[in-house]
Amino acid sequence: MARLRRAVRWLQPKKKGSARAVAILAAYNEERFIAGCLEHLFEQGVEAYLIDNCSTDRTVEIAERYLENGLIGIETFPRAEFHTWQLLLERKEQLAATLEADWFIHMDPDEIRLPPSSDRTLVQAFAEAEARGYNAVNFMEFTFVPTQEAPDHDHPDFQQTMRWYYPFLRRFPQRLNAWKRQSKKVDLAPSGGHRVQFPGLRMYPESFKMRHYIFLSVPHALSKYLNRKHDPKALQRGWARMRASLTPERIRLPSKKEMRLYSSDNELDASDPLNQHLWVLPQEER
């Protein structure tokens with residue numbers, strides 16, 4: 001069972017032409033990302049709820065600064081022998097049925113969620129989608145990783161220095177994980193969190209955007225993935241197979257020539273997306 005460490009009821013005034021949205025995050029040792037992620041959400045008019053999976057770093061200490069200022073709750077979720085992603089997703093399903101909001105986003109701290117264009121906020125874009133009769137939103141992923149030329153961005157200003165990316169799309173929709181509140185519980189776990197499911201789902205025709213900062217340096221990638229034990233049942237379902245089989249030899253930083261230079265959110269280029277990540281070698285190429 002999840003243990004509520006500390007929570008408050010804090011709801012920002014609902015502006016005309018906007019929706020009340022809550023991002024539900026799960027975190028384990030995300031001290032590098034949690035502050036920037038939360039501050040961006042609040043700038044977009046989105047509140048947040050944090051499920052901490054027994055972090056051993058400063059994740060919770062940092063997050064607690066934002067209680068009563070956009071972060072509506074923090075709870076502790078027990079950490080088992082294996083990374084229990086399905087249980088965390090099921091907890092998010094429960095929260096989406098009980099927290100007060102018009103829209104929910106399932107996301108991770110290393111993601112920056114964006115509206116289709118920067119002339120509106122996320123909550124305004126959700127309200128616009130709802131006004132047009134849609135109740136779910138897909139996000140196009142833009143993957144940011146270090147490069148051979150600039151391999152280390154493990155510092156607080158990584159968003160300003162790690163500016164090379166590639167569009168990533170394994171299947172469409174890949175990140176259909178923002179949705180309008182439903183009268184019954186939605187399903188996130190069957191898809192590993194990639195695609196929310198509920199009766200009468202109508203996906204907004206234009207994808208929103210997501211900047212995804214997977215890791216900031218090779219040592220960070222090793223610490224993030226190599227000591228994580230994955231549930232064998234989850235691997236059988238096809239979840240996290242690439243990360244579960246990751247070794248130091250398979251990490252490969254791409255060159256800038258293989259990627260695109262970030263200039264602004266409005267100019268993120270989604271054309272010709274990749275269906276395999278550039279930063280990890282296939283097993284047969286080891």
Side-chain angles (χ1 to χ4, degrees), residues 12 15 17-25 30 32-48 66 70 103-132 134 136-147 150 153-170 172-179 194 203-216 254 256-275 277-279:
Q12 57 186 338
K15 298 179 181 179
S18 67
R20 175 163 289 133
V22 170
I24 307 175
L25 300 102
E30 296 284 12
R32 292 170 173 85
F33 297 119
I34 192 65
C37 175
L38 291 175
E39 289 176 7
H40 172 78
L41 286 170
F42 304 154
E43 289 171 358
Q44 294 290 318
V46 179
E47 299 163 86
Y66 300 94
W103 282 77
F104 293 98
I105 313 171
H106 153 61
M107 59 178 287
D108 297 324
D110 61 2
E111 300 170 358
I112 297 293
R113 299 296 181 112
L114 301 160
S117 62
S118 58
D119 61 350
R120 70 201 78 173
T121 63
L122 270 175
V123 290
Q124 290 170 338
F126 287 143
E128 181 178 315
E130 182 177 344
R132 294 176 58 184
Y134 299 97
V137 166
N138 179 64
F139 287 81
M140 179 65 199
E141 179 175 345
F142 299 92
T143 302
F144 288 70
V145 293
T147 63
H153 301 269
D154 198 352
H155 52 71
D157 297 322
F158 65 88
Q159 291 189 44
Q160 284 69 52
T161 63
M162 198 164 78
R163 302 178 66 84
W164 296 87
Y165 73 94
Y166 54 89
F168 181 71
L169 182 64
R170 186 157 283 158
F172 183 84
Q174 178 160 307
R175 296 280 185 167
L176 182 62
N177 47 27
W179 65 96
H194 283 267
M203 183 179 70
Y204 190 63
E206 181 179 9
S207 291
F208 289 22
K209 302 172 184 178
M210 181 186 84
R211 286 191 264 125
H212 192 187
Y213 297 90
I214 296 184
F215 61 93
L216 305 180
K256 291 180 179 180
K257 296 177 181 179
E258 300 172 81
M259 302 173 72
R260 303 171 192 185
L261 177 62
Y262 170 83
S263 55
S264 72
D265 292 333
N266 284 339
E267 296 177 86
L268 285 166
D269 182 4
S271 64
D272 300 318
L274 303 181
N275 60 14
H277 280 296
L278 289 176
W279 63 274

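Side chains included, hydrogens not; waters and symmetry mates left out as well; all remaining heavy atoms used. If you're wondering where the values come from, they're calculated on a predicted model, not measured in any experiment.
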Taking the side chain as every heavy atom from C-beta outward, state whether [X] and [Y] have any atom pair closer than 4.5 Å.
X	Y	answer
M140	P273	yes
T121	Q44	yes
P254	W164	no
L278	V145	no
H40	C37	no

Rounded distance [0.5 Å steps], [atom1] in [X] versus [atom2] in [Y]:
X	Y	atom1	atom2	answer
H212	T143	NE2	OG1	7.0 Å
T147	K257	OG1	NZ	12.0 Å
Q159	H153	CD	NE2	12.5 Å

For [X] against [Y], the heavy-atom pair lying closest together:
X	Y	answer
D108	L25	C-CD2, 3.9 Å
P115	L122	N-CD2, 3.6 Å
M162	Y213	CE-CD2, 3.5 Å
R211	L114	NE-CD1, 3.9 Å
A23	L41	CB-CD1, 3.7 Å
S207	F172	OG-CE1, 3.8 Å

message: Around atom CG of D119, are there more than 12 heavy atoms from other residues, nucleotides or ligands closer than 6.0 Å?
response: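 It does: D119 CG has more than 12 such atoms within range.
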Side chain to side chain contact (heavy atoms under 4.5 Å, CB included) partners for [X], two or more places apart:
X	value
P173	N138, L176, R195, M203
S118	N266
Q160	D157

Residues which pass salt bridge (Lys or Arg N to Asp or Glu O under 4.0 Å) with [X], listed by chain and number, not counting sequence neighbours:
X	result
E111	R113, R175
E258	R252
R163	none
E130	K180

- request: Say whether, by atom type as modelled, one donor and one acceptor occur between the side chain of E141 and the main chain of F168 under 3.5 angstrom.
  value: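 Pair absent, no side-chain N/O of E141 close to backbone of F168.
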- prompt: Under the 3.5 angstrom rule, does the side chain of K209 hit a backbone N or O of D265 as a donor-acceptor pair?
  reply: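 Judged by distance alone, yes, a pair lies under 3.5 Å.
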- prompt: Which word best sums up how the rings of Y134 and Y204 line up, parallel for under 30°, tilted for 30 to 60°, or perpendicular for over 60°?
  reply: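 Y134 and Y204: perpendicular rings.
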Could you pull out all residues at least two apart from [X] that satisfy side-chain hydrogen bond (donor to acceptor under 3.5 Å, both in side chains)?
X	answer
Y166	H277
D269	R260, S271
E43	none

field: Contacts of type ring pair (Phe, Tyr, Trp, His ring centres under 6.0 Å), residue Y165, not counting sequence neighbours
entry: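 Counting only residues at least two positions away or on another chain, Y165 forms a ring pair (Phe, Tyr, Trp, His ring centres under 6.0 Å) with F142, F144.
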query: For F139, what residues pass the ring pair (Phe, Tyr, Trp, His ring centres under 6.0 Å) criterion, not counting sequence neighbours?
result: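 Once residues adjacent in sequence are excluded, the partners of F139 under the ring pair (Phe, Tyr, Trp, His ring centres under 6.0 Å) criterion are F208.
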field: Qualifying residue for side chain to side chain contact (heavy atoms under 4.5 Å, CB included) with P146, from F158, F215, W279
entry: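 In the set F158, F215, W279, the residue that makes a side chain to side chain contact (heavy atoms under 4.5 Å, CB included) with P146 is F215.
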